[in-house]
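Fair warning: this is a prediction, and the values are worked out from it, not measured in the lab.
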Amino acid sequence: MKIATWNVNSIRTRLEQVIDWLGQSNVDVLCMQEIKVVDAQFPCAPFEELGYHLYFSGQKAYNGVAIASRQPLLDVSCGFAPTLLNIQADWDEQKRVITGKIDGITIVNLYVPNGSAVGSEKYEYKLGWLAVLQEYLRSLLLSQAAICVCGDFNIALEDKDIHHSAKSENHIMASEPERQALRDILLLGFADAFRKFTSEGGHYSWWDYRAASFRRNLGWRIDHHYLTPALYERAKSCTIDVAPRKLPQPSDHAPVIVEF
DNA sequence: ATGGCGCGTTGCACGCGA
């Protein structure tokens with residue numbers, strides 16, 4: 001069983017690359033972020049022709065998450081509210097969460113807010129959103145034993161997840177409050193699948209479009225799979241596939257795949 | 001220090017991403 005996460009940066013623009021990659025990688029589940037399309041316009045047909053079922057929560061122009069799965073997902077829900085019944089509704093206005101269950105594994109597909117700049121209004125929104133996410137996962141853990149939380153976290157937890165020329169405490173995605181918010185979430189009982197197999201730095205999942213960052217390998221590892229303990233033990237590999245990032249007109253993110 | 005590239009938009013410059 002392979003579960004992949006990929007910020008595709010517009011599913012309509014990236015459709016051919018995503019479909020090609022699905023056909024080659026043969027993953028069972030693909031979690032996508034930044035689909036940037038309303039539900040009525042999601043291009044379902046090419047996925048269905050490959051044998052995938054589609055689940056999505058989209059909005060116009062920004063954000064949006066989707067899951068393509070070979071087997072139908074159970075208990076699909078969008079946003080925090082179905083689990084956090086008392087949450088303020090506006091935390092679900094931006095479409096950043098979709099959850100479903102397959103083979104006893106609850107998959108939570110996330111697009112964590114970017115945060116713009118440390119100290120900005122969007123940064124405060126990101127920290128607030130992460131606090132809501134913590135409560136969401138705490139609540140899920142009450143009823144679900146095997147959880148895979150994956151997606152674009154927009155946080156590099158350690159300095160070795162960041163290329164040498166960008167290490168800055170006040171950099172968005174690396175500031176201490178963001179890292180602490182993510183550590184607090186992991187303390188609920190999640191471990192990084194990638195770090196089960198690879199301890200050294202220099203492995204990245206996102207490279208800025210500008211300044212030839214990919215060619216110079218000036219990247220960040222910000223796309224993650226976080227697993228509950230028994231699932232973590234079952235993980236057989238976790239890899240970043242940089243091949244799609246080399247194509248013309250790529251997403252700025254590469255897919256990350258965990259295998260059980 | 002700044003901006004760089006790419007996406008979508010009742011588009012033709014701008015907000016946003018990270």
Side-chain angles (χ1 to χ4, degrees), chain A residues 5-19 21 31-43 56-66 90 93-97 109-130 133 150-179 181-182 201-224 240 242 244-256:
Chain A
T5 179
W6 192 5
N7 180 323
V8 298
N9 187 13
S10 172
I11 187 57
R12 287 176 293 177
T13 296
R14 221 66 61 203
L15 183 59
E16 189 177 341
Q17 291 185 24
V18 172
I19 293 298
W21 188 82
C31 296
M32 293 168 271
Q33 303 88 35
E34 278 204 277
I35 58 174
K36 293 185 174 179
V37 67
V38 294
D39 292 351
Q41 289 174 27
F42 191 98
F56 37 75
S57 178
Q59 65 180 87
K60 190 168 69 173
Y62 300 116
N63 311 314
V65 286
D90 47 359
E93 278 177 9
Q94 300 179 15
K95 304 307 181 190
R96 300 178 175 278
V97 181
N109 177 19
L110 300 177
Y111 176 45
V112 176
N114 166 281
S116 188
V118 173
S120 67
E121 196 172 316
K122 290 192 176 73
Y123 179 77
E124 296 305 322
Y125 181 86
K126 180 179 193 175
L127 295 177
W129 193 93
L130 288 165
L133 174 63
C150 64
D152 176 0
F153 282 75
N154 275 319
I155 298 172
L157 206 46
E158 300 179 278
D159 285 346
K160 68 182 179 184
D161 296 321
I162 307 173
H163 69 83
H164 64 279
S165 56
K167 291 181 177 36
S168 162
E169 272 196 17
N170 275 330
H171 200 300
I172 194 66
M173 304 188 292
S175 72
E176 186 52 32
E178 291 169 83
R179 287 177 168 178
L182 182 49
H203 298 274
Y204 309 127
S205 63
W206 172 82
W207 300 260
D208 199 313
Y209 281 122
R210 299 164 295 186
S213 297
F214 182 69
R215 181 177 57 73
R216 299 154 68 200
N217 198 26
L218 302 180
W220 294 61
R221 195 175 72 88
I222 56 176
D223 300 271
H224 309 295
I240 302 168
V242 299
R245 189 63 178 79
K246 299 175 179 174
L247 297 172
Q249 293 187 287
S251 167
D252 43 356
H253 294 253
V256 187

Chemist: Parallel, tilted or perpendicular for A/Trp220 and A/His171, by the 30°/60° rule?
Modeler: tilted
Chemist: Write down the distance between NE2 (A/His253) and P (B/dG6), rounded to a whole number of angstrom.
Modeler: 14 Å
Chemist: In whole Å, I'd like the distance from the CG atom of A/Asn63 to the P atom of B/dG17.
Modeler: 7 Å
Chemist: Does A/Thr13 have a side-chain nitrogen or oxygen under 4.0 Å from the phosphate oxygens OP1 or OP2 of B/dC7?
Modeler: no
Chemist: Just by distance, do the side chain of A/Ser205 and the backbone of A/Ile222 share a donor-acceptor pair under 3.5 Å?
Modeler: yes
Chemist: Need to verify one output field. Residue with the more 5' nearest nucleotide on DNA chain B, A/Arg12 or A/Tyr62?
Modeler: A/Arg12
Chemist: If you measure from the P atom in B/dT10 to the same atom in B/dG4, how many Å do you get, rounded?
Modeler: 24 Å
Chemist: Could you tell me whether A/Tyr123 contacts a base, only the sugar-phosphate backbone, or nothing, with contacts defined as non-hydrogen atoms closer than 4.0 Å?
Modeler: nothing
Chemist: Need to verify one output field. Residue with the more 5' nearest nucleotide on DNA chain B, A/Tyr209 or A/Ser10?
Modeler: A/Tyr209
Chemist: Can you tell me how far the CH2 atom of A/Trp206 sits from the NE2 atom of A/His253, to the nearest 0.5 Å?
Modeler: 7.0 Å
Chemist: Taking atom C1' of B/dG17 as reference, at what distance in whole Å does atom CD1 of A/Ile35 sit?
Modeler: 16 Å
Chemist: Between B/dC7 and A/Arg14, is there an OP1 or OP2 to side-chain N/O distance shorter than 4.0 Å?
Modeler: yes
Chemist: Nearest to the A/Ala211 side chain among B/dG15, B/dC7, B/dG4, which nucleotide is it?
Modeler: B/dG4
Chemist: Rounding to a whole Å, what distance do you find between A/Gln59:CD and B/dT9:C1'?
Modeler: 14 Å
Chemist: Side chain of A/Glu34, heavy atoms from C-beta onward: which of B/dC7, B/dG17, B/dG8 has the nearest atom to it?
Modeler: B/dG17
Chemist: May I have the distance from A/Asn9 (atom CG) to B/dG8 (atom P), rounded to whole angstrom?
Modeler: 7 Å
Chemist: Going from CG on A/Leu218 to OH on A/Tyr204, what distance comes out if it is rounded to the nearest 0.5 angstrom?
Modeler: 8.0 Å
Chemist: Using the C1' atom as the point on both nucleotides, what is the distance between B/dG17 and B/dG3, in whole Å?
Modeler: 14 Å
Chemist: Taking only the side-chain heavy atoms of A/Tyr111 (C-beta and beyond), determine which of B/dT9, B/dC7, B/dG17 contains the nearest atom.
Modeler: B/dG17
Chemist: Thinking salt bridges, do A/Arg179 and A/Asp159 make one under a 4.0 Å N-O criterion?
Modeler: yes
Chemist: What is the distance from CG of A/Asp152 to C1' of B/dC7, rounded to the nearest Å?
Modeler: 15 Å
Chemist: Whole-Å distance between B/dG8 C1' and A/Ile11 CD1?
Modeler: 15 Å
Chemist: Anything under 30° is parallel, anything over 60° is perpendicular, the rest tilted; go ahead and classify A/His224 against A/Phe153.
Modeler: tilted
Chemist: Between B/dG17, B/dG8, B/dT9, which nucleotide gets closest to the side-chain atoms of A/Lys60?
Modeler: B/dT9
Chemist: Could you give the distance separating B/dG15 and B/dG11 at their C1' atoms, to the nearest angstrom?
Modeler: 12 Å
Chemist: How is A/Asp223 classified with respect to the nucleic acid when contacts are heavy atoms under 4.0 Å: base, sugar-phosphate, or nothing?
Modeler: nothing
Chemist: Which value, in whole Å, describes the distance between the P atoms of nucleotides B/dA1 and B/dC12?
Modeler: 33 Å
Chemist: Describe the nucleic acid contact of A/Asp208 in one word from base, sugar-phosphate, nothing, applying a heavy-atom distance below 4.0 Å.
Modeler: nothing
Chemist: If you check the A/Arg210 side chain, which of B/dG4, B/dG15, B/dC7 turns out closest?
Modeler: B/dG4
Chemist: Once you round it to whole Å, what is the distance between C1' of B/dC16 and CG of A/Asn154?
Modeler: 12 Å
Chemist: Measuring only the P atom in each nucleotide, how far is B/dG6 from B/dT2? A whole number of Å is fine.
Modeler: 23 Å
